[in-house]
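Okay, so here's the structure we're looking at.
None of the values given here were measured: they were computed from a predicted structure. A note on names: the letters A, B, ... follow the listed sequences, proteins ahead of strands, and every chain is numbered from 1.
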Amino acid sequence: MAEYNPSVIEPKWQRFWEENDLNQTEEDRQKKYYVLEMFPYPSGRLHMGHMRVYSIGDVLARFLRMRGFSVLHPMGWDAFGLPAENAAIKNQVHPAAWTYANIEAMKKQQKALGISYDWQREVATCDPDYYKWTQWLFLLLYKRGLAYKKQAGVNWCPNCSTVLANEQVEDGGCWRCGTEVTHKDLEQWFFRITDYTERLLEDLKLLSGWPERVRMMQENWIGKSEGAEVRFKVKGREDEISVFTTRPDTLYGVTYLVLAAEHSLVEALTAGSERQAEVQAFVENTKKLNDIARASTEMVKEGVFTGAYCLNPVNGEEVPILVGNYVLMGYGTGAVMGVPAHDQRDFEFAKKYQLPLRVVITPEDQELSAADLKEAYVDAGVLINSAQFNGKTSEAAQKKIAAYLAANNWGEAKVTYRLRDWLISRQRYWGAPIPVLYCEHCGTVPVPEEQLPVLLPEDVVFKAGGQSPLAEHEGFLHATCPQCGGQARRETDTMDTFIDSSWYYFRYTDAQNENLPFAKGQGDAWVPVDQYIGGIEHAILHLLYSRFITKVFHDAGYTAAVEPFTRLLAQGMVNKDGAKMSKSKGNVVSPDEIIEKYGADTGRLFILFAAPPEKDVDWSDRGVEGSYRFLKRVWRLVDRYADVLQQPVEQQVAADDADQALRRAMHTALKKVTEDIEERFNFNTAISSIMEAVNSAYSYMHEKEDHIHHGMMREVLEILVVMLAPFAPHLGEELWERLGHQTSVHLQSWPTVDSTALQVAEVEIVVQVNGKVRDHLVVPTGLTREALQELALASAKVAQLAADKQVVKVIAVPDKLVNIVVR
RNA sequence: GCCGGAGUGGCGGAACAGGCAGACGCAAGGGACUUAAAAUCCCUCGGUCCAAAAGACCGUACCGGUUCGAUUCCGGUCUCCGGCACCA
């Protein structure tokens, strides 16, 4: 036969799979498995990161089908979003045209990679058939009180001309373009994700199949902290100031209060007083600073006295109220109590403004005095100067004081979270319109379900900057109120694209359903996703939103699942020369060029072999050569014997030692590959054990030439080809055919390990003296400890080393080692 | 600062339950085939000492502990990566 030529065999088998519908989901098997790779944004070109994530998913999908599972392995497009709109502005193409052209191009590349997707379930979030249900989802949340509109200070990206959710601001910049985010006060739609905070936190415990770091990232993001809220009465006024503290045990040590510049009471407290001008100037200066500067620990803490005092509820003390630049309105209550003796920040602030210190917590074996403190004592301890709580430990006092506050209506135990509601309005065209109308008489009216989808008008004008084209489209803007029939104005904002992607894995289970987003039976048959695979950049954003939406579906009775993704694999990045591939660095290698030069099978094999899936890999052109070399080696091996195996065998002879050794090598590899894929996702070591088996086959080939044991060789080569098929699906088909089979290798059952083939008559054991390896012995398998000891002690090496010493102890591990302890 | 993860040859990595550290691959060196090259096949390949072999010693970031035995378990230190952070 000819040389291995992937450019011929790969298209051949891709056509074969398509013509025979080989990748369609087989729904009727006993066990199901839903393997899902995060769907891509249709940028137009696949990059190496895509190739990696699809290769991982495809090995798993193909392997599990062979293992007898019904496997759902779908693909789709996260197709709404800004790049399409920017392309429209730049090149005067409609976002839809641009997007669908990109989808076609990328789908072609995915097919060229030989990924086994069930294309009948393909979804694109920009299809009206899909976004109709995204709008339906909005209405579901609206009905359940989970979608609401409010005036709020929001993040604004001036470059993208739209608002952003908190999760979409990274280091003060826009997640998409990096432009520094500014603040705007706008009326916007929010999803009440904070109703689910505790469940989102608590259910992280269910996700033992997720990487620890991703769970930690979500936990940090949710940011639970437990403490108490305390209400301080303002002296001479009716107002109260609430503060949140995690240390209610230090309440008797409060010597001042600090308000955020944006706090609603600042103006009232200073109005008409002689301090008004000074405070106003301070507030304005503070507000001018951007978020990054304000949040920086480098910033100098500054404050100004308001002239007002409030009363500490527990002891009636008057404490001054200040405004400070380090107190944030967005966390807690926007006001903090100052306990300089027991908080380092407060300590520094108090020293600067000569505010008094009072020690209320001491370590058990030491006395502290306010005058001697060089820094705050922040650890737990025993209470002093705290009335009836003196002598209690911090831990006990936290509970007692919270109860005492509650009993007197001065405050209560409280839990605060960092997580904020999800801002979902976007002032852009290329997204799902928010299905809401504003009627002159009826106010805010949701679009009735039967009127969905609210279609995006096609005849819009795209231009840089300014507002969304929808807001300028007269035909879209004006509508009839479904309640009173009067004039109504449409909401012109579209939904955050993260809503589209927060439920797509449900849609795959019933992608063609015209009456529902998905039938409950179909959803429950597949969701939760058994294995989800994607980049770590979604650790918070997409994964948190999806968890939230799944819980909403669950509460509304649409799914039995409480979590969407049972197991998560956060695959590492593909770098080159130690840096992320990028055009500007000129270190980009595209899947296309690899397919063209070596074939998809080589590319897939290399990217899986180079590193474990969760680690970053450094792309190596030499390494790819190595993988290509290996596939050619397999090709030649099968080619060498395929014809020989077709010839009739006159009389089958018994297998000799060499035959059995090869059979053992192949079954050993099979066992390892099975475990590596199934239990550990160690594709790299799975591939290396296939390589070892092939090396053994080459040794055998050199020894035996044509004098092979036919039955054994057929078995060995078939196991090899089937084992390789999930990794190199085209080569697998071609070699399977070459071995005389008519059906697809991917329809084969995964071979079973023959444990008798693994048995060996003799093993090499290690003989150690005082833990150091001194000798090796070949002994029959299964020798008892006693027999091993005897053999080891009889070894000449041992005799020599132990000559003038006394044997203290002998440890024997059957089939492994003997350790002789001498003195 | 708090939380999490990781440190193994020239390189990517392996050692799955505490039992021969470095599987497999890349790179490097040598050999076979060839007029030659490519392709292919075979061999060597952690360090030091030794001409070499045999052998000895050292070696999994560092220091210590547990153990007959530690890359693996425990305590401490350092470095790198990631998340959160004037978070009250």
Spacing of A/Ile690 atom CD1 relative to B/A23 atom C1', expressed in whole Å: 15 Å
When only distance counts, do a donor and an acceptor, one from the side chain of A/Arg418 and one from the base of B/C87, lie under 3.5 Å apart? no
Check the phosphate of B/A56 against A/Arg774, side-chain N and O only, distance under 4.0 Å to OP1 or OP2. Yes or no? yes
Applying a 4.0 Å non-hydrogen cut-off, can you work out what A/Pro612 is touching in the nucleic acid: base, sugar-phosphate, or nothing? sugar-phosphate
Determine: side-chain N/O of A/Lys352 to OP1/OP2 of B/C86, distance under 4.0 Å, yes or no. no
Check whether the side chain of A/Asn220 and the base of B/C84 form a donor-acceptor pair under 3.5 Å. no
Taking the P atom of each, how far is B/A15 from B/C50, in whole Å? 37 Å
May I ask you to evaluate whether A/Asn682 reaches the phosphate of B/A14, defined as a side-chain N or O under 4.0 Å from OP1 or OP2? no
State whether A/Arg629 places a side-chain N or O below 4.0 Å from either non-bridging phosphate oxygen (OP1 or OP2) of B/C26. yes
What nucleotide among B/A27, B/A88, B/G83 has an atom nearest to a side-chain atom of A/Ser225? B/A88
Heavy-atom donor-acceptor pair, A/Lys301 side-chain to B/C86 base, under 3.5 Å: yes
With the 90 degree cut-off around zero defining syn, does B/G69 come out syn or anti? anti
Test log, rule ring-ring contact (aromatic ring centres under 6.0 Å, His included), inputs A/Phe683 and A/Phe681: CA-CA 6 Å; A/Phe683 305 117; A/Phe681 283 25; 5.8 Å; yes
What contact category does A/Arg345 fall into here, base, sugar-phosphate, or nothing, at under 4.0 angstrom with non-hydrogen atoms? base
